[in-house]
Amino acid sequence: MIIHDIDPVAFSIGSFKVHWYGITYLAGFALAWWLGTVRARQPGSGWNAEQVSDIIFYAAVGVIAGGRLGYMLFYNPFLPAGEASQFWEVWKGGMSFHGGLIGVLIAMWLFGRRYRKGFFEVADFVAPLVPLGLGAGRIGNYINAELWGKVSDLPWAVVFPTGGPLPRHPSMLYEFFLEGVVLFVMLWWFSNKAPPRMAVSGLFLLGYGSFRFLVEFVREPDRQLGYLAFDWFTMGQALSLPMIIGGGALMWWAYRSAKNN
């Protein structure tokens, strides 16, 4: 059993506080930019350093705006009007991946229009850059002691200050490993095999959706929502199912189109 005792504030300058949660997001964007520059240097990539910097900026805006708005709409839709200012308090956590994904999809579409790139040309380039940023965000969740799992007697279970006296699954660390490390390795390897257009995007959706769906079985559902059905089906699973189906369909269509051509 592990006792969680991490201060979410990394350091303070007077009354200004810098939270670990924000630092992990900055680290995620920095990693995505670095990986993007590595890929852009590869022969025939069709990308340059300026485009990489711009797509990371577009994606960052999409992640933050979409992630926060998605959290408010999907997980906290009945927030009193007087507390709407909480939208800007991102340092406290409360970011929806699925809302952030929608924000990034819009950002990629806008970027593609500016640089005359097809949507899936952009999406296939961006997908392998995302998982390490997702992993960094899950470390931020752990430091914030949020999104913890169900009660557990496993030796690595953690007592969180916000989760009561009983040890729980550190589900955010499970997600760090699966959505961050494993998904990154899968996508980086797969994208280097010259797959057909749309296939990398499809694998991202399929991989993330599957990993998230599985971890939800040991993750405590949001208190304001509880289980949506069957005493086990959560909002996270409901939002991940379309990703699994859509990702599988994209991969099937990508290889079918390549075969016909």
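These numbers come from a predicted model, not from an experiment.
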task = Could you check Q42 against N192 for side-chain contact (heavy atoms from CB on, under 4.5 Å), going step by step and ending with a plain yes or no?
result = CA-CA 10 Å; Q42 296 177 356; N192 282 325; 4.0 Å; yes

key: Test side-chain contact (heavy atoms from CB on, under 4.5 Å) applied to I143 and Y21, step by step   = CA-CA 7 Å; I143 293 172; Y21 194 75; over 6 Å; no

Once you round to the nearest 0.5 Å, how far does [atom1] of [X] lie from [atom2] of [Y]?
X: I64; Y: L69; atom1: CD1; atom2: CG; result: 13.5 Å
X: F160; Y: E146; atom1: CZ; atom2: CD; result: 10.5 Å
X: Q51; Y: K117; atom1: CD; atom2: NZ; result: 4.5 Å
X: H98; Y: S240; atom1: NE2; atom2: OG; result: 3.5 Å
X: T234; Y: R219; atom1: OG1; atom2: CZ; result: 7.5 Å
X: L250; Y: I245; atom1: CG; atom2: CD1; result: 12.5 Å

Are any non-hydrogen side-chain atoms of [X] and [Y] less than 4.5 angstrom apart?
X: I56; Y: F111; result: no
X: F176; Y: Y142; result: no
X: N144; Y: M172; result: no
X: H4; Y: W148; result: no
X: Y115; Y: D54; result: yes
X: F57; Y: V61; result: yes

ask   = When the ring planes of Y174 and H169 are compared, do they come out parallel, tilted or perpendicular, using 30° and 60° as the limits?
value =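 Plane angle over 60°, so perpendicular.
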
task = Measure the acute angle between the ring planes of W232 and F230, then classify it against the limits of 30° and 60° as parallel, tilted or perpendicular.
result = parallel

Does [atom1] belonging to [X] count more than 12 external heavy atoms closer than 6.0 Å?
X: Y227; atom1: OH; result: yes
X: F177; atom1: CZ; result: no
X: W188; atom1: CH2; result: yes
X: W33; atom1: CH2; result: no
X: D7; atom1: CG; result: yes

With a 4.5 Å cut-off on side-chain heavy-atom distances among I, L, V, M, F, W and Y, is there a chain of contacts connecting [X] to [Y]?
X: F184; Y: L214; result: no
X: V215; Y: L147; result: no
X: L26; Y: W34; result: no
X: V9; Y: W20; result: no
X: V200; Y: V181; result: yes

task = Applying side-chain contact (heavy atoms from CB on, under 4.5 Å), run through M186 and V182 and close with a yes or a no.
result = CA-CA 6 Å; M186 288 171 51; V182 176; 4.0 Å; yes

Please find the pair of heavy atoms, one from [X] and one from [Y], that lie closest to each other, and give the distance.
X: T37; Y: V52; value: N-CG1, 3.8 Å
X: A10; Y: I23; value: CB-CD1, 3.6 Å
X: S152; Y: A157; value: O-CB, 3.7 Å
X: P128; Y: R39; value: CG-NH1, 3.4 Å
X: G149; Y: S171; value: N-OG, 3.3 Å
X: V158; Y: P170; value: CG2-CB, 4.0 Å

inquiry  = My understanding is that a hydrophobic cluster links ILVMFWY residues whose side chain heavy atoms are under 4.5 Å apart, including indirect links. Using that, what else belongs to the cluster containing L166?
reply    =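 Reading the cluster by chain and number, L166 sits alongside V151.
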
ask   = Are the side chain of E216 and the backbone N or O of F213 linked by a donor-acceptor pair below 3.5 Å?
value = no

message = Quick one: does any side-chain atom of S210 pair with a main-chain N or O of L206 as donor and acceptor, under 3.5 Å?
response =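 Indeed, once roles are kept as given, a pair shorter than 3.5 Å links the two residues.
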
inquiry  = Applying side-chain contact (heavy atoms from CB on, under 4.5 Å) to Q237 and F217, what does each step give before you reach the verdict?
reply    = CA-CA 9 Å; Q237 289 173 320; F217 284 110; 3.5 Å; yes

Could you list the donor-acceptor pairs under 3.5 angstrom formed between side-chain atoms of residues 129-140 and any protein atom two or more places apart in sequence or on another chain?
residue: R138; atom: NE; partner: E179; partner atom: OE1; Å: 3.2
residue: R138; atom: NH1; partner: N141; partner atom: OD1; Å: 3.1
residue: R138; atom: NH2; partner: E175; partner atom: OE2; Å: 3.2
residue: R138; atom: NH2; partner: E179; partner atom: OE1; Å: 3.4
residue: R138; atom: NH2; partner: Y208; partner atom: OH; Å: 3.4

